[in-house]
Student: 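This is the structure I have questions about; it appears just below.
Here is how names work: the chains are called A, B, and so on, in the same order as the sequence lines, proteins then strands, and each is numbered from 1. Only heavy atoms go into these numbers, but all of them, side chains included; no hydrogens, no water, no symmetry mates.
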Amino acid sequence: MDNRIQELLKEKRGALIEPEVMEILSEYAITVPRSSVVKDLEGARKAAAAMGYPVVLKVVSRDILHKSEAGGVAVDLGDGAELEDAWNEMRSRLKERAPSADIEGFLVEEMVPRGVEVIVGALRDEQFGPAVMFGSGGTAVELFKDVSFRLAPVDREEALEMMRECRGYPLLTGFRGAQPCDVETVADVITKLSIIMCELDRLKELEINPLVAYPDGVVAVDARATLVGGE
Amino acid sequence: MESSLDPFFNPRSIAVVGASAVPGKLSRIIMESLDRSGFAGEVYPVNPKYSEVMGRRCYPDIGSIGECVDLAVFAVPASAAVRLMKEASGRVRGAIVISGGFSETGREGRAAEEELKRAAKEGGVRVIGPNCMGIYDTVSSVDTLFVPEDRVRRPPKGSIAVLSQSGSFALTAMDELAVESIGVSRVVSYGNKIDVSEADCLEFLADDDATRAVVLYIEGINDGRRFVEAAKRCSEKKTLMALKVGRHGAGKRAASSHTGAIAGRYELYRAAFKKASIIELSGYEDIIDGCRALAANDPVDGRRVMIVTDGGGMGVGIADACSEVGLVVVPLPEEKKEVLRPVFPGYFTVNNPLDLTGSVTDEWFEKALSVALDGDDYDLAIVAALWGPPHLTDRLPERLAGAARSSGKPVIVCSPGGEYTRKRRALFEEAGLAVFSTPESAVRAASILLARGVQR
């Protein structure tokens, strides 16, 4: 394992910020959106122009684990004017809803196309050690609980089996005439997440939600992680 | 093979510590159980109050036995257990501590349990319990259960092992298995498991030739990873089934992710079962059904099922239930239809499910089953035998069993009905067939037989 990541985790407490989680995922060759962290509107404009509109704007703060609820996410910003509006709105919303949060910056991220949203998560259990979860249903996952767990590490076969156990699996294989998604790569992400949990023992929870699946690959659009002994 | 659990599963001598001469006392019942089970080694009652118990010389303390005892059963109050465990040091290889009053009772009990654990460890004594029933073992003929045999029957010798955290559960299951003559190899009630755990037992059973299948009743596992490793090794050679109780207890973790919020304790147990190829059971009925199915059949790798019945409606109902558990009701191949058509009246629809109608005879049932199971078209069969049709005789079960034996494939019998039917259950059991009284339980049993093959 990359020492840099181990070092990074050693000095952290509580939760990681999204760019840190994305760095870990990239290190394990999980595709993440192109992004850059900016400090001000000027930086945001430059970053957006460089990667091309539309973009997503997200707040970066260790104190804000649920970014959407705090008003810290704006999607599908089509040009510079929309970006500026979103920037100003976000700043005032955050002042209102998360006044004490220490804001480290903002993330300008490419807006990925629509695909099939799934969730791939992992946690460390006190009795059974690291485990991974696959789930369908995107944001409604806690409602429908269409999920499947395995103890880590899992191999490709187990990962595919986990996916097939979910009722929502047909959404990935071409439901109602849609093009089938790249289930092999989804399985690959499940496997990798299970390996990350085994290798990085400071991680307590790690979750990609959503992981967007396409006919030719996947993108980890949003991710979060918490650390052991960080509460 | 030598195992550190040999004192429990292959003892040459047993001491009953606290043995009483008073009929009805638990320690006295344990003496009776050991007598009845036909244990061939030495049995030493230990109790300073008596010089003789049930015709055997009684020793005042463990030390005065004069030889190292393989197994000591402690049937003494919790307050005396620690002192006696210290006395057992170097004189006893394994101890079953029946006594309750330890960690299950609260803080003081936990402290006493720690002390007991320390004494055993320092003295080099392996321990099952405390707060347990101990062992019923048909291989070594050991029975340490403190319940009278006329209240709770003991099953005959067989190939199913039962590991249970709960003593009362182990007893109840044994009693039910005994009624149907379903045999067991070794039953262990391990209670608070201060030393020997389910993982230790699974390690032993993995290499135990007498055991073909293991049923686990789990309340909680302490070392999850070790359990999974032991179970994985065991399930490479045996069928493992487990019921985990306390699924909906307070297991909520402080979570900041969806994964953490959804993952209750039971999800993790389930993940562990899958990892170790353990068949997950959903309740008490599943355990009895699973034992019944596995006592008479080997697990199967395929899921193609043939349904033969003399009740059309019952056949359809079974086919529905099959689809729900992943069994595939494959249509009867054309060649087989041609073989079977001349056997039956012309108005028959020969297919799967195969309805032999009210005109059915023993021969038809036997013929249909053996033709269907011949070759590689099906992996198993469910026979729904309704006793209404007047031509059926009491020889039917034996004939079905004959067809099942020569096919070498599992055959599950479903025989629902009232008085006449219920009296004939024993005929199927005597013929060596697993018989169930509802379509649902028959199909569930079939699904347990294939769960192992399908998980892999």
Student: For B:Thr211, which residues count as a side-chain hydrogen bond (donor to acceptor under 3.5 Å, both in side chains) partner, sequence neighbours excluded?
Tutor: B:Ser185, B:Asp208
Student: Return yes when atom CD of B:Glu219 has more than 12 non-hydrogen atoms of other residues, nucleotides or ligands closer than 6.0 Å, and no otherwise.
Tutor: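 Counting neighbours around CD of B:Glu219, more than 12 heavy atoms of other residues, nucleotides or ligands fall under 6.0 Å, so yes.
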Student: Given that the side chain runs from C-beta out, which part of A:Val141 has a heavy atom under 4.5 Å from chain B: side chain, backbone, both or neither?
Tutor: both
Student: So how far is it from B:Leu268 CG to A:Glu126 CD, rounded to the nearest 0.5 Å?
Tutor: 9.5 Å
Student: For B:Lys244, I'd like to know if atom NZ has over 12 heavy atoms of other residues, nucleotides or ligands within 6.0 Å.
Tutor: yes
Student: Is it the side chain or the backbone of A:Leu151 that comes within 4.5 Å of chain B heavy atoms, both, or neither?
Tutor: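 Interface part for A:Leu151: both.
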Student: Flag the one option from A:Ala131, A:Gly135, A:Gly121 with the top tally of heavy-atom pairs under 4.5 Å to chain B.
Tutor: A:Gly121
Student: In terms of heavy-atom contacts, does CD of A:Glu69 have more than 12 from other residues, nucleotides or ligands at under 6.0 Å?
Tutor: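 Atom CD in A:Glu69 is crowded, with more than 12 foreign heavy atoms closer than 6.0 Å.
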Student: State, with a plain yes or no, whether a side-chain heavy atom of B:Glu267 is found less than 4.5 Å away from one of A:Met133.
Tutor: no
Student: Checking B:Arg270 against chain A: side chain, backbone, both or neither under 4.5 Å from a heavy atom?
Tutor: neither
Student: For a 4.5 angstrom cut-off between non-hydrogen side-chain atoms, does B:Lys274 reach A:Glu158?
Tutor: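 No - every pair of side-chain heavy atoms lies 4.5 Å or more apart.
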Student: Under the ring-ring contact (aromatic ring centres under 6.0 Å, His included) test, which residues partner B:Tyr269, sequence neighbours left out?
Tutor: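 With neighbours one apart ignored, the set is A:Phe128.
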Student: Under the side chain to side chain donor-acceptor pair (under 3.5 Å) rule, what do B:Arg225 and A:Gln127 come out as? Steps first, then yes or no, please.
Tutor: CA-CA 7 Å; B:Arg225 284 280 159 170; A:Gln127 258 119 32; over 6 Å; no
Student: By a 4.5 Å heavy-atom criterion (distance strictly below it), what part of A:Val132 contacts chain B: side chain, backbone, both, or neither?
Tutor: neither
